[in-house]
Structures are given as C-alpha cells and as structure tokens.
Amino acid sequence: MWRSRNSRGREPEDREMTVREFFAALAFIARDAWSPTPRPDLYLHCDVCGGPTPHSSYRRIISATEVNPTLVAAPPEPVCAVCRDAHPRTLGDESPCDTAMVCVGRRRRRWRSGRSRRRCGARFEVPASAPTVICPWCSTQQDGPVRH
C-alpha cells in the first residue's frame, strides 16, 4: 500500500491524514448530503396495531445466567414504528407494496437543524391496507392510503 511521506522524505510516525485523503472524505460527506439514499422500511403485520405497519429498527435480546455464563442471543426482531413492540419474523408476514403514495411531509434541512419549508413530494410504494406509513426520504410518519 502506498504511504505518504512528509517534506523530509521520512514515513510519518503516527497516522496522519494527507490533503488528498481529507478532500476525498469531504467529497464523500458532500455526496451523501446532496444525494441521500432512502431508508429501508419493511411493512410487516403487527399483532398489537392490527395491520401492516412500518418496521425500520431491530431489537436483539442477549442473556446470561450465573450457572451458565455464556452469552445466549436470540435472533433480531423487527420493532414496530407505531407501537414500539418487537415481533419475531414469520413466514409470509411481509405485506406487498402495491400502492403509490406522494409524501406530504417536509424534508430535513441539510446543513441546519429543523425541517425545511418545502414539501418532500417523494413517491414511494406502500401496502394498500397500511393505516400508517413512513416516508423513506424524509422519515415523517403520516396516514396511509386507508385513512385518505
């Protein structure tokens, strides 16, 4: 691997960031800020909410006892974004996304805190029977196609 040398021609003793590496990192941050990627949301059947709701985070329970001090981990469970309850995955629990929706929320500002004045207006697919949906671009929670 190529390593940079300082002005005296010697290898740096500690890891320094070169100008080229600094601008490459800055370009990566700017590219991510100007062209963000949508967050992945699964629409699973929730037992508590009673319908397909968005699940975007996971919870994993790890346990250990005094008798058996080895760590035992359960498989990760998706957490419902509406009621915050975790559900184990089952076969056929994901609803097909068959309805197009236009977001009515407001995007977050790129360089300042808070939300922008402009509407998001992103188009995304959701299940037809979802009472609540989350926009994958601006992360606003809004009524689904059932309540419109």
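Below, all heavy atoms of this structure are taken into account, side chains as well, without hydrogens, waters or symmetry copies. The residues of the chain are indexed from 1 along the displayed sequence.
- Scanning both residues, L71 and A64, for their nearest heavy atoms gives CD2-CB, 3.8 Å.
- Side chains of M101 and F124 form a contact here, defined as non-hydrogen atoms less than 4.5 Å apart.
- Summarising the geometry of A74 relative to R60, their closest heavy-atom pair is O-NE, 3.0 Å, with the distance given to 0.1 Å.
- Here the side chains of S57 and R84 are in contact, with some heavy-atom distance below 4.5 Å.
- Here the closest non-hydrogen pair linking T132 and Q141 is CG2-NE2, 3.1 Å.
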*Could you walk me through whether D93 and L44 pass side-chain contact (heavy atoms from CB on, under 4.5 Å), step by step?*
CA-CA 5 Å; D93 62 350; L44 305 176; 3.8 Å; yes
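- The SG atom of C46 sits 3.0 Å away from atom NE2 of H87, with the distance rounded to the nearest 0.5 Å.
- In the hydrophobic clustering of ILVMFWY residues, with side-chain heavy atoms under 4.5 Å counting as a link, L26 and V19 come out together.
- Between C80 and C49 the shortest side-chain heavy-atom distance falls below 4.5 Å.
- A 4.5 Å side-chain heavy-atom check between L42 and P54 finds every atom pair outside the cut-off.
- Side chains of V126 and P145 form a contact here, defined as non-hydrogen atoms less than 4.5 Å apart.
- In this structure, V48 and C83 approach most closely via the heavy-atom pair CB-SG, 3.9 Å.
- For the pair C138 and R106, the minimum side-chain heavy-atom distance is 4.5 Å or more.
- For R89, the CZ atom counts as densely surrounded, since its 6.0 Å shell holds more than 12 non-hydrogen atoms of other residues, nucleotides or ligands.
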*Run the numbers on C120 and T140 for side-chain contact (heavy atoms from CB on, under 4.5 Å), then give the verdict.*
CA-CA 10 Å; C120 176; T140 56; over 6 Å; no
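- The two atoms that bring E77 and A86 nearest to each other are OE1-CB, 3.5 Å, heavy atoms only.
- Nearest heavy-atom pair across A73 and I62 is CB-CG1, 3.9 Å.
- When atom types are taken as modelled, the side chain of R59 and the backbone of V79 share no donor-acceptor pair closer than 3.5 angstrom.
- Counting only heavy atoms from C-beta outward, the side chains of Q142 and V104 approach each other to under 4.5 Å.
- With hydrogens and angles disregarded, no donor-acceptor distance shorter than 3.5 Å links the side chain of D143 to the backbone of P131.
- Side-chain contact between D41 and I134 is present, with at least one heavy-atom pair separated by less than 4.5 Å.
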